[in-house]
Amino acid sequence: MPELPEVETARRQLHEELVGQLIVKADALDLKMLVGGNTDEFSSRLEGRRIVGTDRHGKHLFLLLDHGTLRIHLGMNGSLHLFRCGEETRHQRLVLDLDHVRVIFDNPRRFGRFQVVENVMTFVSQKGLGPDALSIGEEEFLHRVGGRRKAIKAVLLDQKVVAGIGNLYADEVLFQERLAPVALASRIPKDRLIGTWSRMREVLGTAINAGTDFERFPDDYLLRQRDRGGPCPRCGHELRSAKVGGRTTIYCPFCLSI
DNA sequence: GAGTATGTTATATG
DNA sequence: GCATATAACATACT
């Protein structure tokens, strides 16, 4: 479930529950997912540390410690769970036992990653991530997105351009802006790019406010229909599916205005 | 068995 | 350097 809104929702929950607590035990159960791969070193870097805050950049979640920072990426289907009584989950890959709660990073497909990093800024710049989708300003968005000779959807998905948009929300943003996912970014008029920037903020904000529960999204949102192959929520025509930038893309050809 | 999947990265090709 | 396409990663589900 993890694109920017899901990660932000998880971050808010963790922030409420975890800040101030001490990490008593840290268990990396999957070597492939632990960047660096040294379980003992990982544990010793975490155990005895206190969680002093949380942060997020794009789809990356950070637990800020009194020394160091734990980075978590949920991959394709990762999720975080809080328990009080030492429960376990089917695909647990990382277990943190704190003073009063157990945090489990569950990830069936094991595309997720976690590691201890120095701090958020250093990680983001080393990784070459673009600005966070909710922080990027209009000017910088125009500058980074416009001019790319690539499908607008592929540009939005590129974490080095803007961080946080995934396949589902890319479709939603473009649907709301009535822009063809295959439109070359470099050929999109400036006002439509500004519209895209604005829709991006709107869609992500709406998703976060709805707790990322698609059922609670506005009626004209594509995400409510996406899985069911139903009609366009705006015009009723059949939605169409295509591959753009290698990803399944759902759009309504009748609603486009370009 | 085939096809698909909310992500990222490496590799090959033009 | 830029852009595109593809496979790979690992697992679950239809």
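Chain naming here is simple, since letters A, B, ... match the order of the sequence lines and numbering starts at 1 in each. Predicted model, so just to flag it, every value in this text is computed and none were measured.
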Worked check of salt bridge (Lys or Arg N to Asp or Glu O under 4.0 Å) between R12(A) and E8(A): CA-CA 6 Å; R12(A) 291 180 183 189; E8(A) 176 60 15; 2.9 Å; yes
So, S79(A) versus H81(A): side-chain donor-acceptor pair below 3.5 Å or not? yes
Rounded to the Å, how far apart are L74(A) CG and dA5(B) C1'? 16 Å
Heavy atoms under 4.0 Å is the rule here; annotate nucleotides 7-14 of chain C 5' to 3' with B where the base is hit, S where only the sugar-phosphate is, and - elsewhere. --BBBS--
Say whether K153(A) and T249(A), considering side chains only, have a donor N or O and an acceptor N or O under 3.5 Å apart. yes
Nearest-Å distance once atom P is located in both dA7(C) and dA2(B): 15 Å
Quick one: I72(A) CD1 to dG7(B) C1', roughly how many Å, whole number? 16 Å
So G166(A), base contact, sugar-phosphate only, or nothing? Heavy-atom distance under 4.0 Å. sugar-phosphate
So that I can tick it off, tell me whether D106(A) and R93(A) are bridged by a salt bridge, with the cut-off set at under 4.0 angstrom between side-chain N and carboxylate O. no
Distance alone, cut at 3.5 Å: any donor-acceptor contact between the side chains of Q176(A) and E172(A)? yes
Between dC13(C) and dT8(B), how far apart are the two C1' atoms, rounded to whole Å? 22 Å
Taking pairs as Watson-Crick (N1-N3 plus N6-O4 or O6-N4) or G-U wobble (N1-O2 and O6-N3), each distance under 3.5 Å, the stems of three or more consecutive pairs with DNA chain C are B:2-5 with C:11-14, B:7-14 with C:2-9
Measure from the side-chain N and O atoms of R144(A) to the backbone N and O of K160(A), and report whether any donor-acceptor pair falls under 3.5 Å. yes
When rounded to the nearest Å, what value does the distance between C1' atoms of dA12(C) and dT9(B) take? 22 Å
Spacing between L156(A) atom CG and dT6(B) atom C1', to the nearest angstrom: 15 Å
N/O (side chain, T248(A)) to phosphate O (OP1/OP2, dA5(B)) under 4.0 Å: yes
Evaluate the side-chain hydrogen bond (donor to acceptor under 3.5 Å, both in side chains) criterion for residues T54(A) and R11(A): first the C-alpha distance (whole Å), next the side-chain angles of each, then the deciding distance (0.1 Å), finally the verdict. CA-CA 7 Å; T54(A) 61; R11(A) 186 196 66 77; 2.8 Å; yes
Work out how far the P atom of dT6(C) is from that of dG3(B), and round it to whole angstrom. 15 Å
Please report, rounded to the nearest Å, how far the C1' atom of dG7(B) is from the CZ atom of R71(A). 12 Å
Pull out every protein N or O sitting under 3.5 Å from an N or O of nucleotides 8-10 of chain B, one pair per line with the distance.
unit_1, atom_1, unit_2, atom_2, d
dT8(B), OP1, H73(A), NE2, 2.9
dT8(B), OP2, K59(A), NZ, 3.0
dT9(B), OP1, K127(A), NZ, 2.6

Check against salt bridge (Lys or Arg N to Asp or Glu O under 4.0 Å), R234(A) and D220(A): CA-CA 6 Å; R234(A) 242 180 349 224; D220(A) 69 340; 5.4 Å; no
Determine the interplanar angle of the F217(A) and Y169(A) rings, folded into 0 to 90°, and report it as parallel if under 30°, tilted if 30 to 60°, perpendicular if over 60°. tilted
Pair E87(A)-R102(A), salt bridge (Lys or Arg N to Asp or Glu O under 4.0 Å): steps then yes or no: CA-CA 8 Å; E87(A) 288 93 333; R102(A) 164 174 281 191; over 6 Å; no
Would you mind telling me which of H73(A), H60(A), H57(A) makes a ring pair (Phe, Tyr, Trp, His ring centres under 6.0 Å) with F123(A)? H60(A)
How is R148(A) classified with respect to the nucleic acid when contacts are heavy atoms under 4.0 Å: base, sugar-phosphate, or nothing? sugar-phosphate
